[in-house]
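One structure is given here, and the rest of the page talks about it.
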Amino acid sequence: MTHPTPSPEVLDSYFTPAVEVTIAGLRDRTGGPFGATLVNPEGEIVVAVGNTVIKDTDISGHAEMVAVREACKKLNTLDLSGHVMYATCEPCPMCVAVMMWAGITTCYYASTHEDAGDNGFSDVHLRKYLDGSDTSTLDMIHLDSGREDCASIWTEFQALNG
């Protein structure tokens with residue numbers, strides 16, 4: 001799936017709000033150096049946000065995550081298909097996952113994860129874990145028996161949604 005790069009004017013119109021809110025958060029000491037703008041299929045800005053990790057004491061308050069959360073609430077939907085994300089920096093694996101769950105299929109970004117790492121925000125440990133080259137950071141242990149209570153959740157889900 002390949003998309004043409006928008007014109008410089010279009011990119012400016014979407015990146016500028018993200019940069020402005022991000023710089024404001026940096027100056028207020030409420031956010032980190034990451035921002036994002038989410039645009040609907042008609043090209044209208046739905047939200048432009050900065051990272052809220054510091055403000056909310058929430059490690060998941062990455063700009064792309066915040067943009068998806070706010071857009072879903074604002075639009076009263078979990079489906080953001082056709083929307084486009086403009087991120088000031090390459091999204092981390094968590095943010096890529098949330099965009100995929102929301103149905104977003106296009107994300108333009110400026111700085112890279114290497115740029116983020118050079119400035120103290122490395123996500124290399126996540127990328128290595130996910131590609132299988134380093135599993136030392138998290139032990140994922142499947143309990144394949146003795147948790148019938150957890151299995152019963154699926155029965156209840158099917159009963160309610162079947």
Side-chain angles (χ1 to χ4, degrees), residues 1-140:
M1 175 179 344
T2 305
H3 297 277
T5 302
S7 71
E9 295 79 22
V10 169
L11 291 172
D12 286 349
S13 71
Y14 298 144
F15 277 103
T16 298
V19 169
E20 289 173 349
V21 71
T22 301
I23 289 174
L26 287 171
R27 290 179 178 159
D28 292 346
R29 303 255 187 245
T30 59
F34 306 95
T37 300
L38 187 66
V39 176
N40 70 19
E42 291 75 40
E44 301 162 335
I45 294 175
V46 178
V47 295
V49 300
N51 173 300
T52 62
V53 169
I54 297 167
K55 178 179 81 171
D56 296 336
T57 318
D58 178 359
I59 198 69
S60 71
H62 295 196
E64 301 86 355
M65 181 79 78
V66 173
V68 168
R69 284 179 186 150
E70 288 190 13
C72 287
K73 285 179 188 173
K74 182 176 183 177
L75 302 174
N76 194 33
T77 185
L78 298 175
D79 183 5
L80 298 176
S81 298
H83 288 68
V84 178
M85 186 74 73
Y86 293 83
T88 63
C89 188
E90 182 178 358
C92 76
M94 175 184 69
C95 292
V96 169
V98 79
M99 287 187 285
M100 291 172 68
W101 279 110
I104 297 167
T105 58
T106 305
C107 175
Y108 296 98
Y109 64 91
S111 301
T112 67
H113 72 272
E114 289 93 355
D115 296 323
D118 291 345
N119 286 280
F121 295 92
S122 178
D123 65 2
V124 171
H125 63 297
L126 296 173
R127 293 174 189 277
K128 286 183 175 183
Y129 180 83
L130 293 172
D131 75 11
S133 63
D134 180 6
T135 58
S136 69
T137 58
L138 177 66
D139 287 331
M140 294 286 289

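Side-chain atoms are counted along with the backbone in the values below, which use heavy atoms only and exclude waters and symmetry mates.
V21 has its side chain out of reach of P17: every pair of non-hydrogen atoms, C-beta onward, lies at least 4.5 Å apart. Side-chain contact check for L38 versus I104: some heavy-atom pair is nearer than 4.5 Å.
Summarising the geometry of V124 relative to S122, their closest heavy-atom pair is N-OG, 3.2 Å, with the distance given to 0.1 Å. In this structure, A18 and A48 approach most closely via the heavy-atom pair N-CB, 4.3 Å. Contact detail for L80 and A71: the closest heavy-atom pair is CD1-CB, 4.2 Å. In this structure, P33 and T88 approach most closely via the heavy-atom pair O-OG1, 4.2 Å. Between G32 and I54, the shortest heavy-atom contact is N-CD1, 4.4 Å. S81 and P41 get closest at one heavy-atom pair: O-CG, 4.1 Å.
Judged as a side-chain contact (heavy atoms from CB on, under 4.5 Å), and not counting sequence neighbours, the contacts of V84 are Y86, T106, Y108. With sequence neighbours excluded, the residues that form a side-chain contact (heavy atoms from CB on, under 4.5 Å) with M100 are V96. Residues satisfying the side-chain contact (heavy atoms from CB on, under 4.5 Å) criterion with T57, sequence neighbours excluded, are absent altogether. Under the side chain to side chain donor-acceptor pair (under 3.5 Å) criterion, S133 pairs with D131, sequence neighbours left out. Partners of Y109 under the ring pair (Phe, Tyr, Trp, His ring centres under 6.0 Å) rule, at least two apart in sequence or in another chain, do not exist in this structure. Taking the side-chain contact (heavy atoms from CB on, under 4.5 Å) definition, one finds that T30 meets it with D28, K55, sequence neighbours left out. Residues forming a salt bridge (Lys or Arg N to Asp or Glu O under 4.0 Å) with D118 (at least two apart in sequence, or on another chain): none.
Applying the salt bridge (Lys or Arg N to Asp or Glu O under 4.0 Å) rule to pairs touching residues 89-98 yields E90-R127, sequence neighbours excluded. Under the ring-ring contact (aromatic ring centres under 6.0 Å, His included) criterion, the residue pairs touching residues 24-64 are F34-F121, with sequence neighbours excluded. Each ring-ring contact (aromatic ring centres under 6.0 Å, His included) pair with one or both residues in residues 40-59, not counting sequence neighbours, would appear here, but there are none. Listed by first and then second residue, the salt bridge (Lys or Arg N to Asp or Glu O under 4.0 Å) pairs involving residues 64-79 are D58-R69 (not counting sequence neighbours). Residues in residues 106-116 take part in no salt bridge (Lys or Arg N to Asp or Glu O under 4.0 Å) pair, two or more places apart or across chains.
If you take OH on Y14 and CD on E44, they are separated by 8.5 Å, rounding to the nearest 0.5 Å. Note that the CE atom of M65 and the OG1 atom of T52 stand 10.0 Å from one another [nearest 0.5 Å]. Interatomic distance, T37 OG1 to L11 CG, rounded to the nearest 0.5 Å: 11.0 Å. To the nearest 0.5 Å, atom CG of residue N51 and atom OG of residue S60 are 10.0 Å apart.
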Practice prompt. Output, in order, the C-alpha distance, side-chain angles, deciding distance and verdict of side chain to side chain contact (heavy atoms under 4.5 Å, CB included) for K128 and T137.
Written response: CA-CA 10 Å; K128 286 183 175 183; T137 58; over 6 Å; no
Practice prompt. Might you work through the side chain to side chain contact (heavy atoms under 4.5 Å, CB included) test for V98 and M94, ending with a clear yes or no?
Written response: CA-CA 6 Å; V98 79; M94 175 184 69; 5.8 Å; no
Practice prompt. Output, in order, the C-alpha distance, side-chain angles, deciding distance and verdict of side chain to side chain contact (heavy atoms under 4.5 Å, CB included) for V47 and V66.
Written response: CA-CA 9 Å; V47 295; V66 173; over 6 Å; no
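The neighbour count for L78 CG, taken as heavy atoms of other residues, nucleotides or ligands under 6.0 Å away, does not exceed 12.
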